[in-house]
Amino acid sequence: MANENNTPERVLELARGELGATSGDKYIRYYNGITGIGLPYGVAWCAAWVTWVMRHAGVPVDSVLNYKGCATASDWFEARGRFRSRKSGYVPKPGDIIMYEWNPEDEGTPYDDGDDHTGIVEYVEDGIVHTIEGNNGGQCRRDWWSLSNSYISGYCVPLYNMENKKEEPDLTEAEARKIARGEIEKYFAGLAEKPAPGWAKEALDYAREEGILNGDEGGLRPESYVKRDELAQVELNRERRYREIEDVPDWARDAVQELIGLGVILGTEAIQDGKVTLNMSEAQLRGLVFMKRYVDTRLGGKEGGR
C-alpha cells in the first residue's frame, strides 16, 4: 500500500477522519490481517491505530514499522537514529509519532518497561504539542501536552515521501554497537543512583568487609555489572589463601607474627625450611586478629589488677 505521495498532511487527514471512534476492533482486525499475529480484541489499541493510519496513508514499513508495543517502536526508531527524546529539546513536527512513559521515574532502572502509549503529532503551538491518539480514554480523540511534560518520552520521526532516505543510510555495525553501548551505560547509570535494596544489606556488608568484590579500583560497587575478568577476580578474592607471612596484609601481620612466636598458630601447620606455612583465608586472619586483641585485653586486665 506504500506510495510516493505519503505525506504528514495525508496521515493527519486520515487520523482526523477517525476522531470519535470508541472501539479498537477495526484497527486490531487490520493489524492482525497484515501481520498474522492474532491480537485479541479488547487489548490496548493505540499502536494498532497508528499502524492503521500509516499503512492507509501509504507510509511504507521501512519508514514506520507495524507495531503493537510502544517500546518496540521506540527501540526500532532509536536503532535507526530517528528517535528524539523529550530531554533533547527536539520540537516535534506534524506527522511525528509521540511516545509516552507513564512511569518516568523508572527510566533507566530494572523497573523500566519502556514506553506505554502512542499517538500522532498534529501541530505545536506556544510550547504545547497537540496530538491525535487512538485509545485515549477508550476512544480516538485530540489531546495536548506541554513540551516539557515528563510523561512524554520522545518522538519517532517517519520518513515521509522517503525524501530523506538517501540522507539517512542504514546504520553501520559500529554505529549500532555505539547506540547499544550508550543504552547499557544509561541503564547502569540509573542503577548507580538507586540505593541497594534492604534485603541485600547483610550480604553487601559481608562482601565489603571481606573484600570479596573488590577489584583493582578498590571499593565495593554494588550497582555495577560484572565482566568475566572481574568475576574471575571475585572468585580469587573468595578463595585467596595466605601461605607465608610475607603474603599477610599489613593489618594482620603483627598479630600473626606474635601468635606464631607464642606457638599459637603451629597446631597442624607445617614448618618447612624454617618457615611457617600458613595456608589461611582472609576470614581466618581476621579471626586471629580478633584473638590477639582478646588475649591482649585479658592480659592487660590481669596485669592492671596486680
Side-chain angles (χ1 to χ4, degrees), residues 1-19 21 24 26-28 30-31 33-35 45-101 114-115 117-136 140-145 147 149 152-172 175-176 179:
M1 203 171 192
N3 62 62
E4 297 180 357
N5 297 317
N6 64 85
T7 63
E9 293 75 20
R10 175 60 178 154
V11 165
L12 290 172
E13 178 185 356
L14 283 164
R16 292 178 188 124
E18 299 304 303
L19 287 168
K26 165 183 173 181
Y27 313 109
I28 292 173
Y30 176 78
Y31 182 87
I34 62 173
T35 64
W45 47 276
C46 56
W49 177 82
V50 173
T51 297
W52 184 95
V53 171
M54 292 294 168
R55 296 293 83 84
H56 281 75
V59 179
V61 292
D62 53 352
S63 175
V64 177
L65 78 165
N66 299 318
Y67 68 101
K68 61 182 176 64
C70 300
T72 299
S74 298
D75 292 343
W76 189 88
F77 278 92
E78 179 78 52
R80 288 157 178 75
R82 293 195 275 123
F83 183 82
R84 308 288 183 262
S85 72
R86 172 185 55 80
K87 295 177 181 178
S88 72
Y90 173 77
V91 178
K93 300 177 177 60
D96 283 354
I97 298 171
I98 189 169
M99 290 293 181
Y100 302 96
E101 165 61 82
D115 293 331
H117 183 58
T118 186
I120 298 174
V121 174
E122 188 171 21
Y123 64 95
V124 174
E125 185 176 74
D126 298 329
I128 302 295
V129 55
H130 296 259
T131 65
I132 302 175
E133 303 170 11
N135 198 33
N136 181 321
C140 178
R141 67 180 188 182
R142 286 186 168 97
D143 210 337
W144 56 270
W145 304 79
L147 288 173
N149 191 298
I152 298 175
S153 168
Y155 307 91
C156 302
V157 181
L159 295 178
Y160 291 113
N161 280 333
M162 306 306 287
E163 293 174 349
N164 302 318
K165 189 170 183 180
K166 293 182 180 179
E167 299 174 15
E168 297 191 26
D170 291 339
L171 291 177
T172 64
E175 290 170 333
I179 291 173

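Both backbone and side-chain heavy atoms feed into the values below; hydrogens, waters and symmetry mates do not.
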Any sub-3.5 Å donor-acceptor pair from Arg84's side-chain atoms to Tyr155's backbone N or O? no

Does the Ser85 side chain pair with the main chain of Gly154, one donor and one acceptor, at a distance under 3.5 Å? no

Measuring only between side-chain heavy atoms, which start at C-beta, is [X] closer than 4.5 Å to [Y]?
X	Y	answer
Ile97	Met54	yes
Glu122	Thr131	no
Tyr123	Leu12	no
Leu159	Arg82	yes
Ile132	Cys140	yes
Pro158	Asp96	yes
Val124	Pro92	yes
Arg55	Val64	yes

Interatomic spacing from SG in Cys46 to CG in Asp115 - rounded to 0.5 Å: 10.5 Å

Roughly how far, to the nearest 0.5 Å, is the NE2 atom of His130 from the CG atom of Asp143? 10.0 Å

Sequence neighbours left out, what passes salt bridge (charged side-chain N to carboxylate O under 4.0 Å, His left out) with Glu13? Give chain and number order. Arg10

Salt bridge (charged side-chain N to carboxylate O under 4.0 Å, His left out) against Lys26, all qualifying residues, sequence neighbours excluded: Glu18

Please report the closest heavy-atom contact between [X] and [Y], naming both atoms and the distance.
X	Y	answer
Thr51	Leu65	OG1-O, 4.3 Å
Leu147	Ile128	CG-N, 4.5 Å
Ala47	Gly69	CB-N, 4.4 Å
Met99	Phe83	CG-CE1, 4.3 Å
Ser74	Cys156	CA-SG, 4.3 Å
Val11	Ile120	CG1-CD1, 4.0 Å

Looking just at side-chain N and O atoms, do Thr35 and Asn66 make a donor-acceptor pair shorter than 3.5 Å? no

Residue list, ring pair (Phe, Tyr, Trp, His ring centres under 6.0 Å) with Tyr100, at least two apart or on another chain: Trp102, His117, Trp145

Decide yes or no on side chain to side chain donor-acceptor pair (under 3.5 Å) for Asn135 and Tyr27, but give the supporting numbers first. CA-CA 11 Å; Asn135 198 33; Tyr27 313 109; over 6 Å; no

Geometric cation-pi criterion Arg142 and Trp144, 6.0 Å radius, 45° cone: no

Assign the ring pair Tyr30 / Trp52 to parallel, tilted or perpendicular, where the plane angle (0 to 90°) is split at 30° and 60°. perpendicular

